[in-house]
Each structure stands twice: as C-alpha cells, then as structure tokens.
Enquirer: 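Please read through the structure below; I'll follow up with questions.
Letters go in sequence order (proteins before strands), and every chain restarts at 1. In what follows, every heavy atom counts, from backbone to side chain, and hydrogens, waters and symmetry copies are set aside.
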Amino acid sequence: MLTAVSAWQEALSAEIEARFGVALDPAQIPFTFPPKTELGDAATTVAFALAKTLRRPPAEIAGALAGTRLPGVREIRTAGGYMNLFLDRGWAVERLLSRGFLPAGLEGKIIVEHTNINPNKAAHVGHLRNAVLGDTLVRCLRYLGRQVEVQNYIDDTGVQVADVVVGFQRILGWKLRDVRSLIALMRDFTAANGTYVHLQDLIFSWYGFWTADNLKRFGLDGLIPEQACALPYPPVYDYFHGAMGRFDAFCWGLYARVAPWYAQSEENKAARLDTLHLMEEGGNETAEMAALVAEEMVRCHLCTMERLGIRYDVLPHESDILKIGFWASCFEKLKTSGAVHRVPADSEDKNRGCWVMALQESEEFKGMSDADKVIVRSNGTVTYIGKDMAYQLWKFGLLGRDFHYRPFPGSPYPIWRTDAVSSEPGAPSCGGGRAVYNVIDVRQSYLQKIVKEGLRQMGHEKEAERSVHFAYEMVALATKFVRSEMEKGAHFELSEEELAKPFVEMSGRKGLGFQADLLLDRMKDRALAEIETREPELATTDRAQWEHRAEALATAALRFYMVKYNKNQVVAFDLEQALAFEGDTGPYLQYACVRAENILRKAAEQGLAVPDPADPSALSECAPHFDEEGWGLLSLFLRVPIQVKMAVDSLDLNIVARQLYDAAQAFHAYYHHFPVIQEPDPARRSARLLTVALFARLLREGLDQLLGIPVPERM
RNA sequence: GCGCUCGUAGCUCAGUUGGAUAGAGCGUUGGCCUCCGGAGCCAAAGGUCGUGGGUUCGAAUCCCGCCGAGCGCACCA
C-alpha cells in the first residue's frame with residue numbers, strides 16, 4: 001500500500017491544484033484507515049486540511065474531490081469531511097500477494113547493532129527486550145527492501161569479564177583446566193539430556209571437582225572424593241542457586257558472589273585491578289581464562305537467541321578494536337579535527353591530564369553544568385566512549401580500513417567474528433553502512449548523544465544525522481513477582497523501601513533478574529502441558545514433535561510479550577503475565593493461523609476444491625462472492641506496509657504487533673460467524689475458502705517476516 | 001539544579017504527523033462445543049483520559065502551570 005498511497009497523493013495533489021488552484025505537497029496529503037472496515041479500505045482527511053485555506057466546509061471540499069480517479073480505487077464515498085476509498089479487490093489482492101505495495105531493493109546498507117550482552121553471565125529478560133526489538137527492526141527494514149547487516153558487539157575486555165575470572169580464580173580457586181573441564185562437562189550434559197539438568201547435581205557428582213582444596217574449602221576434609229560425590233545435598237548446594245546445567249547460568253551465580261567478596265577486604269578488591277592488568281598484558285593463564293570464558297559465554301548467548309530465531313552477521317570484539325589500532329586511528333582524527341583537547345596536567349581543572357571533548361558549544365548539551373566529557377583518562381587509557389566512537393566510525397566506513405574475520409567456533413549457525421591479525425578464506429567485509437541503528441536502552445542516551453556529537457565535531461555531519469540511537473525503556477522486575485520469589489526461598493538484598501515500589505531494577509552484580517533460558521524453559525513447560533491436554537497421545541507417539549511445538553509456542557509468547565509494549569514503557573516483568581497464552585499473546589496469533597490452515601486441510605481431505613490464492617482466474621471468480629466481513633478481514637493486511645513504515649520511522653515497533661493482532665482477532669470472529677466447509681452454496685463456499693487461504697498465507701508471512709514468530713502445523 | 005520519559009477501566013496496556021461513538025487483554029458476571037480445534041467467540045458491568053488553564057470547527061493527542069512516579073547528567077561500562 002506504500003507505493004499505492006504515493007500514487008494517490010500525486011493524483012490528489014494534481015486534482016486539488018486543478019480544481020482549487022492550491023499547490024499541496026503530495027507527501028503532506030494524509031492517508032489513514034477508517035475505524036471500521038465497512039466504511040472503506042483506506043481514507044484521506046485532506047478535506048479537513050484544505051478547509052482552513054479555502055475557507056469552505058470540509059464536506060463540500062470532499063464532495064468536490066470524490067470524483068478523482070485514483071489507480072486501483074473503485075469508488076470514493078464521502079462521510080462529512082472524510083473521503084473513504086473502496087478498492088478494486090482483485091487489484092488489491094494481486095498486489096498483496098506479489099508484494100506490489102512494497103518498495104524493492106533500496107540502495108545502501110543499513111547497520112543494526114543489538115543484543116551486546118557482557119560476556120560474563122547468562123542473558124536475562126532485559127537483554128531479551130533489546131534482542132527482540134533489534135531483531136524486529138531488522139526484519140521490518142528488510143521487509144521494506146533494505147539491505148541490513150546485523151552486529152552484536154562483544155565487550156570481552158571489560159571489568160565484567162574480569163570479575164567472573166576473579167570468581168573462578170580467587171573464590172573457587174580454579175585453574176584454567178578446571179574451567180575447561182567444566183565447559184566440556186556442561187556441553188556433554190546438555191547434549192545428552194537437553195536443557196533439564198540441574199547444575200548442582202552435575203557439579204557435585206563430578207569426581208574431578210572434589211580436589212583436596214575443594215573438600216577443605218567446603219568443610220568436607222574428612223571425606224574422599226567418592227564420598228563427596230555421593231552426598232545428596234552438600235553443604236554448598238545453595239552456592240550455585242539457579243544454575244540449570246548451563247555455563248552461562250553457572251557464571252550468573254558466580255558473578256553475584258564477587259561483589260560481596262570484594263566488600264570483604266581491600267586485598268580482595270585489589271584482585272580486580274590485578275586481573276584487568278593481566279588480561280591486558282596477555283600471554284598468561286588469567287588472560288587465557290578470560291578469553292575462554294568470554295567465548296563460551298558468547299556461544300551460550302548465541303544459542304539462547306537462536307531459540308528465538310535471532311541471528312547476527314558479525315560479532316565485533318572490543319579487544320580487536322584496540323589490537324588492530326582502530327582506537328589509535330580514531331584518536332588521531334579526534335585530535336586533528338580539534339574535537340578533543342588535552343587539559344594541562346598542572347591546571348586546577350578536575351579533568352587535568354585528560355583528553356576531553358568540549359560540549360558546551362553544542363545545542364544538544366545546553367544547560368549542562370559540566371559540559372566536558374573525558375575521552376582519554378589522565379593515565380592514558382581510553383574510556384568506553386572513545387572505543388565506541390572508533391567503532392561508530394568503522395560502521396560508517398570512515399576509518400578507511402576494516403577488521404580481519406574468522407568463523408566464530410562452535411556457533412549454532414555459521415557466523416563471523418572479528419580478528420586483529422589475519423582473515424580466513426571466504427571472510428566478508430563488514431561495516432561501511434549508509435545508516436546505523438544502535439539498539440541500546442534509554443539510560444545510555446547521554447553517551448549515545450556524545451558519540452553522535454563526536455562524529456559531528458570530526459566533520460561527519462551527514463553520518464551524525466544517520467546515526468540513530470534506538471532507545472527503549474528497561475525491563476524491571478515487578479515487586480509483586482520478586483516478593484513471591486522470596487517467599488519461595490530466593491534471597492535478594494532489597495530494602496523495605498525498594499520492596500514498597502512497584503518494580504525493582506535488575507542487577508547482574510546482585511544476581512537480581514530473571515534468566516532468558518529459564519523463562520523460555522518455563523514457557524515451554526507450560527506449552528508442553530497445554531498440548532498434552534489436547535493431544536495426550538503425542539507425548540508417547542512423537543516426542544520430538546511435541547517439543548518442537550512447545551518451543552514454537554514459547555518463542556511466540558516471549559517475542560510478542562517483548563514487542564507489544566510501547567518502547568517508552570518500563571516493562572515490569574511478571575512471570576504469570578509473561579506465561580499467559582490467552583488473549584493478547586503470541587499463541588493467540590499462532591492459533592488464528594493454525595485454525596485457518598486446519599480448515600484448508602479439512603476441506604482438502606473432504607475432496608473440496610480449495611482455490612489457489614495465486615491463481616488470477618480463481619480470484620476473479622471468487623471476488624464477487626466475498627462476504628463483506630471476509631473482505632474486511634483481508635483488507636486489514638493492506639495496512640501492514642504503511643504500519644511497518646510508520647513503525648520503522650518512529651521506532652514504535654508495537655504498531656506492527658498491534659496490526660497483526662487485530663488481524664488475528666478479526667479472523668477468530670469471522671471463524672465463528674461464517675462456516676466455511678459447512679456452507680452449502682458452492683460459490684460462496686469457494687469464496688470463503690479463498691478468504692481463509694489468503695488470510696492464512698498473509699498472517700503466516702507477517703508473523704514470520706516481521707515478528708519472527710514461527711507457526712507450527714498444529715498446536 | 002538541568003534534561004528525558006510516564007500518568008487512560010479494578011489490574012496490564014493500545015490509542016503516531018489533532019479527526020468518525022476513547023479501545024484491547026486479564027479479572028468479574030452471564031451465555032456459546034452431537035456443528036471447520038473452547039489457546040476461541042458473543043454479551044454485560046467498568047472512564048471527571050493525573051490536575052488547572054490555553055490554542056480551534058474539533059484535544060487523550062499541541063502549548064503553559066501544578067501534582068505524582070521513573071531514569072539520566074563519572075577519569076564505570
């Protein structure tokens with residue numbers, strides 16, 4: 001409908017000029033949709049807009065324009081100032097199926113960066129919102145004909161990874177080979193038993209874990225390893241609370257132990273800096289452990305996201321940005337363009353000795369009490385914001401150089417990661433985009449603004465304009481939910497004051513949050529049970545099918561939950577609400593599609609001829625027999641391209657979810673009021689079969705291409 | 001202090017360049033499976049759209065004030 005609307009705008013603009021002598025920019029002619037489908041397939045309120053300049057009543061203007069000939073439009077009916085368009089149905093359906101309402105193959109690569117989880121712990125529901133929004137944006141852009149490169153940035157050099165390494169080395173007393181064994185063991189168990197292994201059972205029954213040191217550490221010195229393995233509930237059982245046989249979940253628990261451990265002594269606190277230094281130096285066991293942990297963690301995250309149908313093209317690593325010298329190049333540009341200056345070391349300024357970017361000149365930062373931002377610290381190290389600027393320059397191809405690339409090992413699908421030294425055969429070239437979307441939560445708006453300002457000050461005005469921060473509100477935990485978890489025995493460090501608020505912020509450091517895989521597992525369990533009540537025999541006859549359907553339902557429920565809210569709305573996560581399969585949920589949309597396809601299958605089984613949507617003669621034969629309600633249902637899909645465009649322009653992706661939900665809702669109502677197979681009149685039956693076939697196809701396509709929601713054959 | 005965001009039904013939320021009778025879901029109440037799958041449908045009850053002004057043919061939407069809530073403004077990322 002996008003392409004049709006612009007044609008209508010042109011035609012109307014010409015007609016208005018001819019009739020009233022008023023030149024109106026075609027793009028300014030507003031097109032909307034009537035509140036009820038029987039009022040028309042599309043509408044324009046241009047008469048209201050003209051009423052002011054022409055000083056004539058809107059209804060009169062609408063009446064005068066009603067005779068305008070618009071391509072594909074069979075009739076224009078006016079209602080007050082509204083002009084309601086009724087389309088030629090054959091024309092509309094043909095274009096719906098051939099994607100004739102969509103622009104194709106638009107020039108210029110668009111880069112979308114999303115997910116960006118610190119590789120030191122399992123993904124939680126907050127990360128899911130980021131990944132789902134990012135992936136939905138990618139799908140919408142591709143739907144609109146854009147070429148998209150998806151990047152997932154890996155911060156493998158920061159304090160977060162260091163903290164987990166400290167946990168392994170100093171709290172658990174593990175060596176590199178212990179971590180290696182753990183990873184290998186986890187992979188074996190996951191492969192053998194799926195996702196339902198509790199780590200506690202695993203780790204404590206692991207003979208190798210019970211070294212003399214560990215026996216002593218956990219107060220079991222008198223025992224031999226075999227005895228410790230056999231203990232049903234070792235004294236440290238709670239130590240690994242919540243880990244589910246996954247390495248990332250293990251690190252989640254471990255990471256939460258590190259902050260309290262730092263708090264115990266100054267000596268402990270010093271371990272963080274020591275570790276960071278060792279990681280930076282390289283060539284030692286600590287650095288190797290950090291790399292190992294980060295890589296395995298990324299693998300875990302890729303698997304989690306794979307469950308949701310979320311994939312990436314490339315994984316840029318922060319360590320490579322430094323090693324390959326991107327930061328050095330960026331720093332040169334910053335200095336030569338005058339974007340940064342050095343504050344003299346002997347000055348009184350609090351930033352003495354630092355390289356800072358001055359922001360007080362910029363409109364954006366007016367009213368700031370302190371408008372200087374430190375880019376390079378007085379000790380010569382670069383801040384996060386500096387590295388991000390280098391990364392952003394590369395994304396636009398402004399560094400004039402590229403990374404090397406090698407395949408990321410052991411990923412669930414082929415994917416490239418950056419490398420600082422050399423490329424492997426078949427390596428792609430990445431970056432160099434025309435526009436860039438950074439999907440990052442709203443709390444980083446200030447920093448993202450600075451990155452954009454940096455581009456501007458380096459003289460890249462155009463790129464700064466095309467640098468979009470896709471800001472969304474965080475996912476917090478509903479206090480109601482946290483309380484119920486605490487009643488079940490979970491321990492969180494929360495004050496009464498915090499518990500009095502409607503929601504609490506998640507915190508990886510505190511281990512406060514809900515893990516993505518855990519949520520998906522809970523949803524899957526729920527789905528398995530639901531399926532079992534409907535098809536009890538499936539559990540024994542086809543277990544793989546049973547699981548496949550449950551996983552699809554979990555994916556749908558989760559993705560829809562994450563995309564249905566407005567991006568500015570804080571999502572207060574509540575397990576009960578997230579686990580819902582009824583009403584305004586993903587499974588409701590899947591069910592509409594499954595139901596429609598069921599009718600088609602049943603009809604075919606009974607030997608009824610199901611009209612082929614792609615066959616023009618079937619279409620012209622059926623079109624006159626469409627029920628008005630059936631057409632109203634199909635006409636909702638005319639809105640999709642415009643809604644997707646609006647969603648991408650405003651970054652309010654819930655528009656897309658809403659639109660498909662409305663279509664599903666309209667179908668469920670149609671289903672109950674219009675029997676298809678039972679309809680005795682053959683012509684009418686054929687028309688209804690075609691309606692259902694078209695609906696099923698359009699909804700399946702929409703769910704898959706736009707929302708990334710898979711639809712199983714049955715559910 | 002400065003900046004951003006939010007406040008709509010008992011609860012969770014839609015309502016997008018100001019437009020047709022303010023809508024969904026959950027929950028409540030009452031209906032609907034010998035009939036294409038009841039993860040569904042139909043109906044009822046439930047609203048001073050935080051509040052007070054303003055702009056205009058028209059305001060939940062735009063402007064100003066006030067009240068309440070969240071987030072940001074580091075040589076952390």
Enquirer: When the C1' atoms of B:rC32 and B:rC71 are compared, how many Å lie between them, rounded to an integer?
Expert: 48 Å
Enquirer: Return the nucleotide paired to B:rC71: Watson-Crick means purine N1 to pyrimidine N3 with N6-O4 or O6-N4, wobble means G-U with N1-O2 and O6-N3, both under 3.5 Å.
Expert: B:rG3
Enquirer: Within 45° of the ring axis of A:Phe674 and under 6.0 Å from its six-membered ring centre, is that where the NZ or CZ of A:Arg688 lies?
Expert: no
Enquirer: Does a side-chain heavy-atom distance below 4.5 Å link A:Glu113 with A:Tyr391?
Expert: yes
Enquirer: Has the side chain of A:Asn84 got a donor or acceptor atom sitting under 3.5 Å from an opposite partner on the base of B:rA20?
Expert: yes
Enquirer: Applying the Watson-Crick and G-U wobble criteria at under 3.5 Å, what pairs with B:rC35? Answer none if nothing qualifies.
Expert: none
Enquirer: A:His668 side chain: which of B:rG40, B:rC75, B:rU5 is closest?
Expert: B:rG40
Enquirer: Check whether any side-chain heavy atom of A:Arg559 lies under 4.5 Å from a side-chain heavy atom of A:Thr136, and answer yes or no.
Expert: yes
Enquirer: Measure CZ/A:Arg55 against C1'/B:rC57 and give the value in whole Å, please.
Expert: 14 Å
Enquirer: What integer distance in Å separates A:Gln665:CD from B:rC13:C1'?
Expert: 14 Å
Enquirer: For A:Gln590 and A:Pro710, indicate whether the former's side chain and the latter's backbone hold a donor-acceptor pair under 3.5 Å.
Expert: yes
Enquirer: Work out how far the C1' atom of B:rC73 is from that of B:rU12, and round it to whole angstrom.
Expert: 32 Å
Enquirer: In whole angstrom, give me the gap between the C1' atoms of B:rC6 and B:rU51.
Expert: 16 Å
Enquirer: In whole angstrom, give the distance that lies between atom CZ of A:Phe560 and atom C1' of B:rA24.
Expert: 10 Å
Enquirer: Is the phosphate of B:rC36 approached by A:Arg595 (side-chain N or O, under 4.0 Å from OP1 or OP2)?
Expert: no
Enquirer: Using the C1' atom in both, what is the distance from B:rG70 to B:rU29, to the nearest Å?
Expert: 37 Å
